Amino acid sequence: MYKTTFEELCERFTSGDSADLSALLPEGIQDEVGHFNVFNLDEISPTQRERPTVSCASRAFYKISFLTGRSQADYPDRSIEISKPTLVFTTPKSPFYWSPAGQQTGMFCVFTADFLHPAKSGVMIDELPIFKSPEHPIYALSDDDIARTQRIFDNMNEEINSNYAYKYDLLRAYTLELIHLGQKLQSTVMLHPNHSASARTTSLFLELLERQFPLESPQQKVMLRTASQFADHLAVHINHLNKVLKETTGLTTTELIAGRIVQEAKALLRHTDWSIAEIAESLGFSDFAHFAKFFKTETAIAPGAYRSQTKSLNYT
């Protein structure tokens, strides 16, 4: 069996190119609505699984991951350590980086919105609470939920390799079962309909913020940097935007923007050979000094020291 490295998968997902993505899709999927596939981390090259340098924008896909190794999920407002079996939901708009720590085990499935088209699944995917809530959909599992999740993924893996004529209908059912399991694990507050307007505003803000990332070249620039700029684009008063984001995330607009910029800065310092001046300019800073001051305020370490530190960790 051909083993695809996780970095290769991420690179193909990020490109969103249908020709490249076709290599990841099972035979016969073009006869169905949308694309779906399931992967076992055990079948990915062990060397690649152990590298703590993977960031995956996953632009073209929704993704449900069952992670059983140690890793870290980085969001604009905080980082979450994963130390026990966990279920993670991401969307093409998710502002999310995943950093594995050591050998990884588990499974994940990827699918397009069309795979769960209402005509096939009976649901509107972007209206499902798991995908519209501003709450980070990452859930540590109980022993019972671990067994259930493993069983669902095993069923997916078995079914996708079968010759059953209606296997994609079954795969949709398994996908929806995982989604419903995740929604059961969501906080009841975020599922309450009175929060839908605030959740939508938060979702639109995060989408607008994330649309500027990841930065692929030094020539790409972050254009929206201030709370007032985001409020103008969303056609809301800045005070209303601050109030909504504070209620739904616990952070102000400015804090969320700064958090996302510093996450991108860390990724660029870790994963590119751009000069720090190039990184500063791409992130919208007027000069190196302003960027260095911002980065040190947010992280308590200078950008050059951070780059040296992370590179030394990657080689130990």
Side-chain angles (χ1 to χ4, degrees), residues 5-17 48 50-60 63 71-81 90-101 136 205-227 229-230 251 253-316:
T5 70
F6 197 81
E7 285 177 318
E8 287 171 342
L9 295 182
C10 289
E11 188 175 42
R12 293 175 184 175
F13 295 162
T14 303
S15 71
D17 183 86
Q48 300 295 340
E50 293 172 4
R51 287 187 180 177
T53 57
V54 178
S55 63
C56 183
S58 194
R59 292 293 178 191
K63 183 177 176 185
S71 60
Q72 178 174 294
D74 293 323
Y75 292 93
D77 57 336
R78 63 176 175 141
S79 297
I80 301 173
E81 297 290 337
T90 54
T91 79
K93 302 172 185 176
S94 294
F96 171 85
Y97 284 86
W98 181 66
S99 303
H136 299 315
F205 166 79
L206 291 175
E207 177 185 352
L208 190 59
L209 176 62
E210 180 60 21
R211 198 180 296 162
Q212 303 183 100
F213 304 103
L215 298 175
E216 303 290 351
S217 74
Q219 289 69 46
Q220 190 178 347
K221 313 295 181 187
V222 172
M223 304 306 295
L224 300 179
R225 287 285 312 279
T226 68
Q229 288 175 321
F230 278 91
L251 298 172
T253 311
T254 300
E255 288 170 335
L256 286 166
I257 296 168
R260 185 61 183 93
I261 289 175
V262 80
Q263 290 291 338
E264 191 69 14
K266 286 181 176 180
L268 294 173
L269 290 167
R270 287 197 305 262
H271 307 315
T272 75
D273 58 0
W274 304 1
S275 70
I276 296 177
E278 287 176 322
I279 292 173
E281 185 178 356
S282 289
L283 291 172
F285 292 88
S286 58
D287 54 45
F288 170 85
H290 282 90
F291 170 66
K293 181 179 180 181
F294 163 82
F295 191 88
K296 191 166 185 179
T297 299
E298 295 292 325
T299 66
I301 187 173
Y306 176 84
R307 169 171 271 177
S308 298
Q309 182 184 86
T310 53
K311 283 187 175 180
S312 65
L313 288 174
N314 287 341
Y315 289 102
T316 58

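Source: prediction; values computed, not measured.
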Sequence neighbours left out, what passes side chain to side chain contact (heavy atoms under 4.5 Å, CB included) with [X]? Give chain and number order.
X: Glu81; result: Gln72
X: Ala292; result: Phe288, Pro303
X: Thr299; result: Val262, Lys266, Phe295, Ile301
X: Glu281; result: Lys221

What heavy-atom pair brings [X] and [Y] nearest, and what distance separates the two atoms?
X: Ser282; Y: Ser217; answer: OG-O, 3.9 Å
X: Arg307; Y: Leu268; answer: NH2-O, 3.5 Å
X: Gln212; Y: Leu224; answer: OE1-N, 2.7 Å

Name all residues meeting the side chain to side chain donor-acceptor pair (under 3.5 Å) criterion together with [X]; count only those two or more places apart in sequence or in a different chain, and write none if there are none.
X: Glu298; value: none
X: Glu264; value: Tyr97, Arg260
X: Thr226; value: Ser228, Gln229
X: Ser71; value: Trp98

Is there a side-chain contact between [X] and [Y] in this structure, where contact means two heavy atoms from C-beta onward sitting under 4.5 Å apart?
X: Thr272; Y: Glu278; answer: no
X: Thr254; Y: Phe230; answer: no
X: Leu269; Y: Thr310; answer: no
X: Leu283; Y: Leu215; answer: yes

Task: Glu255 side chain vs Leu251 backbone, donor-acceptor pair below 3.5 Å - done: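 No, because the side chain of Glu255 does not come within donor-acceptor range (under 3.5 Å) of the backbone of Leu251.
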
Task: For Phe285, ring pair (Phe, Tyr, Trp, His ring centres under 6.0 Å) partners two or more places apart - done: Phe291, Phe294

TODO: Please list all pairs passing the side-chain hydrogen bond (donor to acceptor under 3.5 Å, both in side chains) test where one or both residues lie in residues 285-294, with sequence neighbours left out.
DONE: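 Of all non-adjacent pairs touching residues 285-294, those that pass side-chain hydrogen bond (donor to acceptor under 3.5 Å, both in side chains) are Ser286-His290, Asp287-His290.
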
